[in-house]
Structures are given as C-alpha cells and as structure tokens.
Amino acid sequence: MSNEKMENLLNLALDATEREREKSLDLDTGYDRAERTWEVIVKFGGTEEALRGLFAEKFPEEYDRIRITNLRNEYAILLLPEHIVELVAALTEIEYMEKPKLLFFAVNNGRRVSCINQLQTVGTEQGTLSSGRNLSGTGVIVAVIDSGIDYTHPDFRNADGTTRILNLWDQTIPADSVADPFPAENGETSFLGTPSGYFLGTEFTRAVIDRALEQTTERERFALCPSRDISGHGTHVTGIAAGNGRASQGRYRGVAYESPLLIVKLGTPGERSFPRTTELMQAVDYCIRKAQEYGMPIVINLSFGNNYGSHSGNSLLESYLDDMANYWRTSIVAGSGNEGASAVHASGILRENITKDVEIAVSSYEPSLNLQIWKNYSDEIAVSLIHPNGTRVGPVRQILGPQRFRLGNTDILLYYGEPSPYSPYQEIYFDMLPVNEYIDSGVWTIQLVPQRIAAGNYDMWLPAGGVLNEGTGFLMPSEETTLTIPSTAARVITVGAYDGYFDRAAAFSGRGYTRETNQVKPDLVAPGVDITSCAPGGGYVTRSGTSMASPFVTGGVALLMQWGIVDKNDPYLYGEKMKAYLIKGARRLPAMRDYPNPVFGDNGIIVSS
C-alpha cells in the first residue's frame, strides 16, 4: 500500500526488489544494502527532543539503529531500518518524507564583463557603492559547497602563507581515520573530528590547515589534512568566487578576493561518485551555523543540481533552501544547470481528441533510463509506452501505486502518483531497467491520449548531469524549463550562463521559467563560457558551465554585503533584498528585446555598478 505522506519515488523504491534498485539510476540512492537502512528527508512538527522520545517509545528495539540529524525549521535527515520507514512516515508528527537524490556538478574575461573590476577598485568619488575603500569581500564569508578544494593553492592563502579557509568540512573522510595534530598542546585541541550535530566526515579548522601548510612534504601535509579535490570542480568554483590571484600575479584574481572561506566537500559519494541532496542540506545547515558563530554575513554557492521533481519549487529540498534564505544574514546562489541543449525535457499542451506521441531516442549500451511525466491532476490522460519494435503497454491503469511490465528485454517499473501535501501536480514515473545488461535501444514512444482536459499542459524530464549516453534524449526537446533543482527554489538567487566573449546566451544554460508557478528563473546570468580559474596543483584551467557562472554572482554578493552590512551602508542587504539589487543593476543585452525572459531572467547580466 502506498503511503501518501511519502513522495512517489520513495514509495516505488520501497516496493522495488533489491535487484531492481541496483539496476536503477535513482531508486537505490539513500539505501545501504549491508545495513538494510534508508536515509530520508522529513519535515516534522515539534522539537528534536520530542521526536527522539517518540522514536524511543514507538520503536524501542530499533532505537539504537535510528539516527537523527536535526536541521533548522523542523527539517531532519533520518537513518532508519528499512522495515520501519513506512511506520515512521505514518506517525502524526511526520508531515512528509522524501528520499535523497543524486546531485550532478554542472575569470579573467568573466570578471571584466561582469563589471567586477570597477567594484573592486571603487573609491569615495566613484558611485553610490562607495565606502572609502576597495570592495574585496572583507568581513563576508564565501561558502562553497562542492567537490572540495586544493587548500594548498596560493590563491586561497594569505601573503604570509597561512590559509584563508575558516573551516573545511570533508564529508568523505571518517573522523576516526585522521590523527589529531595537536594532541599535547595545553591539553587542548583544534581538531574537531565530525562537526557537532552531524554524523559524517571530518571538520578541519584553520589551525589544522595552517599546521599542514607548514609541512615541507606533501606526505606530511596530507597526513595532517588529507582532504583533496579530485575533480577540481570545487577548486575552480572557489577561485572564481574568491581566489586572490597570487599564483598568477593577480591575472586570474576572483571576485571577493579577501573573503574568508568556508568549504564543504560533499560526501560519501559511494559507487556512483555523486553526492546526495541529504548531504547538501546538512552542508547548508552547517554553513549558516558557522556564520552565526563567527558573527559574519554569508553567501553560499551551489553549483550543481538534478532533474527529479516537478520543477515548481515545492520539494522538501527547495522548501528548505527557501527557509534557510531567511535565516541569519544569508544569501544562497545556485547555477541553473547545463541542460538547456541536452534534449532531456519535452513539453506541450494537449487538446481533447488529439493524440500526442512523444518520442525518445535510446542509444546502444544504455544501462537504465527513467522518465517523469508531470501534469495537472484535473486532466485525464491515457498513457501508453511503445517499444521500438511496436509492442506496447497501456493505457496504464490510473491507480495509485507501482505497476510492472516487460517490453522486449526491458523491464518497466511504473509509479502512478497523486498530488501531495507539498505539490498539487500529478507525476507518472517510468523506470526502464535491463533484463540483462542494457535496455533496448531505438526510438521509444510515450503516447498521450487526452480524455478530459482542463489545462492540458504536460512536462517530461529525463535524468540530468550527463549520465545518459550520447544520442539518448527526446527527438523534439524543449529548451525552456530546463532549470535543474534546486535552482528552482523561489528564494535562491538563480544564475544562468552567457558567453562574455561574444555577448550572447550560452546554449547549454538551463532556462526558465518554473513549471506551473511561472516564477521568473533564472534571476540573471553571468559569464560561464571558457572561464579560467584555479586548478588543483597550484595552476589554472579553463572550464564552461553554469557552475562557472554562479560563483561570479556569489562573489558579487559578497562585495555588496561588505558595502551594505560590514561597512554599515545597508544592514539588511541579503536574501530577497540582495536579489532585487542584483536584478535592478544587471545590464541588458541589446539583442534581447523582451524582459523578463526564460534565457536571461528578469533583467540581464550581472552586474553594473
């Protein structure tokens, strides 16, 4: 029996066999096969203490296996034995439950076209953002939640060689695997182990990083602080937002080049090497807690996303980020994703008595594929799935819960959902799994037969993040509403990418608006094509993507926070007010006549002074 207090994907995952979960891209995310436990996100009523007491009362035999990571505003991450997940969801105190999703990671020229140079050198006689000194990010924390950082890179160090990093939480390193570098100094330690209130990773303080930087060999250095950025993504992003350019004599200096840094390396990626939304939520919670401890304003950069959800801004992750954007003196910046030209979205409007066929090309050697169909609940539509050889299943039964079929050498796992307390929209979810190693290639067809139409609009999404083989995608894709989640969150500052060399849109940049709610997203765009920034090892590399665009805005936000909050010109310059200032100050492209628009958002390109 499906539980309507749990999202569709979690219901389906609990119903699926272990073999089905192993073959699926998404169903086993959050499941520990060895321990037979699930990690879930919940919104609950009451306090953490009350929740713990309730679990002790209701599940005394399992209590020692239950883990609660309490987040702000009545959100929590739970680790639960598999057999009590539905029982926990049924508790009155639990308002809603979701499973984790995988997250996919999506300066010189960029800084110039963003008008950052002027802000970095502003004086008392130059403009309204003047405060009598350069704007460099001083006093404002830049937090980067990503793949980590090369903390040895000169651009993240002060002139005396010490680190600019306040804290580095590496969620991938077990605390018991690292030795304390200060075991005998005054009986105290600056090594914190796992951050208080969380259950994963190791937190390295500035003192620990400085001690590591004093070592003469790499082996000694990484024995004290073993955190590394293997992909280089986080190092590149941090360099754009806040690198000081020391390794290039200032040529590749980032935006907020004197901001103190707070770094979280998203963790426990497991076999698939992708972090999870549960780790992201804990990272955001941690960053805001740290900013409050330091008594400093903070801007948080998120350069990743996924495609699962209605893209309307109403999942628990999106709601949580909206709530956190109202905490402390916080601004949250997210890239709009790189799915604008990737053929992973299709949409249209149905009319009664007119059948619509939506075709999906599946290339050879595709190990699995999932598809979401989102529609208005009031619309009645018969849905069929047609195999490349012409055989079909459907119209599928319009009943809540999982259904199973087989077409050729492909198993079909289907979940027909209903609206939830957090979403008025209806989802039909297909998971295509191989009978052997790969699903059948060719052109598959989703056939939609309208029966009773009130609104008629529908949207379909395939997985984002480049996990599909080249050639897999919709034959007639739509570039609009290709924002990845969580950039769809209402209070997040959502950033698309443009090509600063040619003053034009970047084809890959995720586009708006949000589904149904039609909120203008992205809010603005920034340079994201061929951006040179820091690379592990002390050098630089050039990359493209909205991952490169969002840190330009992050750095710009830090400069404005310095002017407003630190320099006491505007103590409330954060959150939604910050977004409004950015949009008002953005430059419009001459070639684009109509604003707002799904490509450039409300007003254009960051950021004119």
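As the structure is a computational prediction, the values presented were derived from the model and not from experiment. When reading the values below, keep in mind they use all heavy atoms of this one structure, side chains included, and skip hydrogens, waters and symmetry mates.
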All pairs passing ring pair (Phe, Tyr, Trp, His ring centres under 6.0 Å) where residues 63-84 contributes a residue, at least two apart: Tyr75-Tyr320
Within 45° cone and under 6.0 Å: Arg253 NZ/CZ vs Tyr257 ring: yes
Pair Asp146 + Lys265, salt bridge at N-O below 4.0 Å: no
Distance (rounded to the nearest 0.5 Å) between Ile332 CD1 and Ile493 CD1: 9.0 Å
Ring geometry between His345 and Trp461 (parallel below 30°, tilted from 30 to 60°, perpendicular above 60°): parallel
Closest contact, heavy atoms only, Pro81 versus Arg65: CB-NH1, 3.7 Å
Any side-chain heavy-atom pair of Glu95 and Lys5 under 4.5 Å: no
side-chain contact (heavy atoms from CB on, under 4.5 Å) evaluation trace for Leu80 with Val40: CA-CA 8 Å; Leu80 302 171; Val40 295; 4.0 Å; yes
Where Leu91 and Leu54 come nearest, the two heavy atoms and their spacing: CD1-CD2, 3.7 Å
From CZ (Arg21) to CG (Leu12), nearest 0.5 Å: 10.0 Å
Salt bridge (charged side-chain N to carboxylate O under 4.0 Å, His left out) between Glu7 and Lys101, worked out: CA-CA 12 Å; Glu7 68 167 348; Lys101 318 296 186 303; 2.9 Å; yes
Sidechain N-carboxylate O distance under 4.0 Å for Lys290, Glu293: yes
Nearest atoms (heavy-atom pairs only) where Ile165 meets Ile263: CG2-CG1, 4.3 Å
Asp285/Arg289 salt bridge by N-O under 4.0 Å criterion: yes
Over all atoms of both residues, closest heavy-atom pair of Val467 and Glu366: O-OE2, 4.2 Å
Note, Ser310 side chain near Glu427 side chain (heavy atom, < 4.5 Å): no
Audit row: Leu14, Met6, side-chain contact (heavy atoms from CB on, under 4.5 Å) steps and yes/no: CA-CA 10 Å; Leu14 291 173; Met6 299 191 304; 3.6 Å; yes
Any side-chain heavy-atom pair of Phe304 and His233 under 4.5 Å: no
Met548 side chain near Val237 side chain, heavy-atom distance below 4.5 Å: yes
Test item: Gln215 side-chain N/O and Ala212 main-chain N/O as donor-acceptor pair under 3.5 Å: no
Between Asp229 and Thr235: side-chain donor-acceptor atoms closer than 3.5 Å: yes
Main-chain N/O of Cys225 paired with Tyr151 side-chain donor or acceptor, under 3.5 Å: yes
Steps toward salt bridge (charged side-chain N to carboxylate O under 4.0 Å, His left out) verdict (Asp155, Arg157): CA-CA 6 Å; Asp155 285 23; Arg157 300 167 72 170; over 6 Å; no
From Thr69 atom OG1 to Leu79 atom CG, the distance as rounded to the nearest 0.5 Å: 8.5 Å
Distance-only polar pair, side chains of Thr494 and Lys521, donor-acceptor under 3.5 Å: yes
Rounded distance (nearest 0.5 Å) linking atom OG1 of Thr277 with atom CD of Glu98: 8.0 Å
Salt bridge Glu22-Arg19, side-chain N to carboxylate O under 4.0 Å: no
Side-chain donor-acceptor contact under 3.5 Å, Asn301 with Ser303: yes
Salt bridge flag under 4.0 Å for residues Glu39 and Lys99: no
Close aromatic pair by centroid cut-off 6.0 Å: Tyr198 and Trp169: yes
Verdict with supporting geometry, Thr546 and Ser509, side-chain hydrogen bond (donor to acceptor under 3.5 Å, both in side chains): CA-CA 6 Å; Thr546 58; Ser509 182; 6.0 Å; no
Candidate pair Tyr540 and Ser533, rule side-chain hydrogen bond (donor to acceptor under 3.5 Å, both in side chains), full reasoning: CA-CA 5 Å; Tyr540 299 88; Ser533 182; over 6 Å; no
Matching residue for Ser227 among Asp150, Asp170, Ile149 - test: side chain to side chain contact (heavy atoms under 4.5 Å, CB included): Asp170
Parallel, tilted or perpendicular: rings of Tyr429 and Tyr308 (30°, 60°): perpendicular
Side-chain donor-acceptor contact under 3.5 Å, Asp431 with Ser24: yes
Nearest-0.5 Å distance, CG of residue Asp64 to CZ of residue Phe59: 14.5 Å
Working for side-chain contact (heavy atoms from CB on, under 4.5 Å), residues Ile298 and Ile300: CA-CA 6 Å; Ile298 184 171; Ile300 301 173; 4.1 Å; yes
Side chain proximity check, Ile145 to Tyr286, heavy atoms < 4.5 angstrom: no
Test log, rule salt bridge (charged side-chain N to carboxylate O under 4.0 Å, His left out), inputs Glu18 and Arg36: CA-CA 10 Å; Glu18 288 209 22; Arg36 300 187 68 83; 2.5 Å; yes
Validation row: Cys534, His153 side chains within 4.5 angstrom (heavy atoms): yes
Nearest heavy-atom neighbours spanning Val264 and Ala283: CG1-CB, 3.6 Å
Neighbour count above 12 (heavy atom, 6.0 Å) for Phe199 CZ: yes
Salt-bridge criterion met for Glu49 and Arg52 (N-O under 4.0 Å): no
Verdict with supporting geometry, Leu433 and Ile439, side-chain contact (heavy atoms from CB on, under 4.5 Å): CA-CA 6 Å; Leu433 308 175; Ile439 64 175; 5.6 Å; no
Thr482 and Glu339: side chain donor to acceptor below 3.5 Å: no
Between Thr330 and Tyr574, a side-chain donor and acceptor under 3.5 Å: no
Any side-chain heavy-atom pair of Pro226 and Val178 under 4.5 Å: yes
Audit row: Glu218, Arg221, salt bridge (charged side-chain N to carboxylate O under 4.0 Å, His left out) steps and yes/no: CA-CA 5 Å; Glu218 182 177 298; Arg221 182 178 303 125; 5.2 Å; no
Within-4.5 Å side-chain heavy-atom neighbours: Val284 and Cys287: no
From Gln562 atom CD to Thr138 atom OG1, the distance as rounded to the nearest 0.5 Å: 5.0 Å
Non-hydrogen atoms of Met561 and Arg329 that approach each other most closely: CE-O, 3.7 Å
